Number of protein chains: 2
Amino acid sequence: MSPPPAKPPRSKNPHGATESCLAVRDILTRVGDKWSVLVVGSLGEGPLRFSDLKRGIEGISQRMLTLTLRGLERDGLVTRTQYPTVPPRVEYALTPLGHTLLDPVQELARWALESRAAIQTARGRYDTKPKPPPASGPTRR
Amino acid sequence: MSPPPAKPPRSKNPHGATESCLAVRDILTRVGDKWSVLVVGSLGEGPLRFSDLKRGIEGISQRMLTLTLRGLERDGLVTRTQYPTVPPRVEYALTPLGHTLLDPVQELARWALESRAAIQTARGRYDTKPKPPPASGPTRR
DNA sequence: CGGGATCCGAGACGATACTG
DNA sequence: CAGTATCGTCTCGGATCCCG
C-alpha cells in the first residue's frame with residue numbers, strides 16, 4: 001500500500017551489544033506492558049479462571065485481560081484450556097517457559113519493593129528543587 | 001485543570017498482593033518503557049556523555065534520550081554532571097541505586113536471550129493455526 | 001554540543017454494549 | 001462466564017526547528 005521505505009542499514013556497532021539490545025527490547029515490549037507481569041505473577045501460584053484473574057488483578061478491564069492473555073498465549077507463556085460446559089469455563093495456566101519467566105520477574109519485583117522508598121524520596125527531591133543558581137565549576141544537581 | 005475525579009478506594013484485597021502490585025507496576029512503568037533499560041545498561045559500563053549515549057543506543061532520538069535521562073535522574077538512578085566549557089559537555093553516570101537495578105535487569109536480559117527462540121517459535125505456531133475445529137471434551141489450542 | 005518546544009501520527013488503554 | 005466489537009481518549013515517540 002505504501003512504498004517500502006527500505007530502512008537504512010545500521011552503520012556501525014560501537015559497543016557490540018546491538019543484537020542483544022534488540023532481543024531485550026523485544027522481551028520488554030512483551031513483559032513491560034501494563035498488565036503482563038501481573039497476570040504471570042497471578043498464574044505463578046497456580047491455574048486460574050478468567051473471572052478469578054480479573055478479580056485478582058483489580059483495575060484491569062476484561063478487554064485488557066483478554067488481550068494480555070492472548071499475547072502471552074501467543075508467545076507460549078500461558079496455556080488456555082476451555083471446558084465446553086454451561087456456563088463456559090476457561091482456565092489459564094503458566095507453561096514451563098512461563099515459569100522460567102517467573103524468577104527474573106520476581107527478582108525485579110523484589111528490587112521494586114526495596115527501592116520504592118528511595119525512588120519516591122528522589123522524586124520528591126527532584127520536584128522540589130529545579131533551581132540550580134549559576135556558579136563556576138561542574139554543576140551537580 | 002479538570003475537577004478531581006476522586007478515585008474510588010479499593011474495595012477488597014482478595015489475594016493480599018495488591019500493595020506490591022502497585023509498586024511493581026510503578027517500577028515497570030519506569031523501567032519497562034522503550035529506552036530506560038538500554039540507557040541503564042549502557043551506563044553500566046561507566047559514565048558516558050550525551051552524544052556517546054545517543055550513538056551507543058542507536059535508534060533513539062535525542063528527544064527520547066533526554067526524556068529518558070530526565071526520568072532516570074528524577075528517580076535517583078543516574079546523575080547528571082555538566083561542565084561549563086565550550087562546547088558544553090554533560091556526563092551521565094549511574095548512582096549506587098542505579099547499579100542495584102543493573103542486576104535484575106541483566107537477569108531479565110539473560111532470560112530474554114535464552115527464551116527468544118522459543119518465543120518466536122511459539123509465535124509462528126500460534127499465527128499459523130488459529131483453526132480450532134469444534135470437538136468434544138476440553139479444547140486445547 | 002546539549003536540549004527545549006512544538007506538531008503530529010500511531011498505538012495503548014478504558015468504558016460500554018453486544019454475543020454465544 | 002468468557003469473550004468480541006466499537007468507540008473515544010490519552011500517552012508515547014519521532015521529526016523538525018530553535019536556543020544557549
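No experiment lies behind these values; they were computed from the predicted model shown.
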List the protein contact pattern of nucleotides 8-20 of chain C with one symbol per nucleotide (5' to 3'): B for base contact, S for sugar-phosphate-only contact, - for none; contact means a heavy-atom distance under 4.0 Å.
-----BBBBB--B

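The closest side-chain heavy-atom distance from B:Ile119 to A:Leu97 is below 4.5 Å. For the pair B:Leu69 and B:Phe50, the minimum side-chain heavy-atom distance is below 4.5 Å.
One can place CG of B:Leu65 at 16 Å from C1' of D:dC12, the figure rounded to the nearest angstrom. Rounded to a whole Å, the CZ atom of A:Arg49 is 14 Å from the C1' atom of D:dG3. Distance, B:Arg30 CZ to D:dT11 P: 15 Å, rounded to whole Å. In this structure, B:Leu69 atom CG and C:dG4 atom C1' are separated by 14 Å, rounded to whole Å. Atom CD of A:Gln82 and atom P of D:dG3 are 7 Å apart (whole Å). A straight line from OH of A:Tyr83 to P of D:dG3 spans 13 Å, rounded to a whole angstrom.
Among pairs with a residue in residues 86-99 of chain B, those fulfilling side-chain hydrogen bond (donor to acceptor under 3.5 Å, both in side chains) read B:Arg89-B:Glu91, at least two apart in sequence or across chains.
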Would you sort out whether B:Thr29 and B:Asp26 count as a side-chain hydrogen bond (donor to acceptor under 3.5 Å, both in side chains), showing the intermediate values?
CA-CA 5 Å; B:Thr29 302; B:Asp26 197 33; 5.2 Å; no

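Atom CD of residue B:Gln62 and atom CG of residue B:Leu53 lie 13.5 Å apart, to the nearest 0.5 angstrom.
For C:dG3, one of the phosphate oxygens OP1 or OP2 lies less than 4.0 angstrom from a side-chain nitrogen or oxygen of B:Tyr92.
Figure legend: A:Arg25 and B:Trp35 shown as a cation-pi pair, the cationic atom lying under 6.0 angstrom from the six-membered ring centre and within 45 degrees of its axis.
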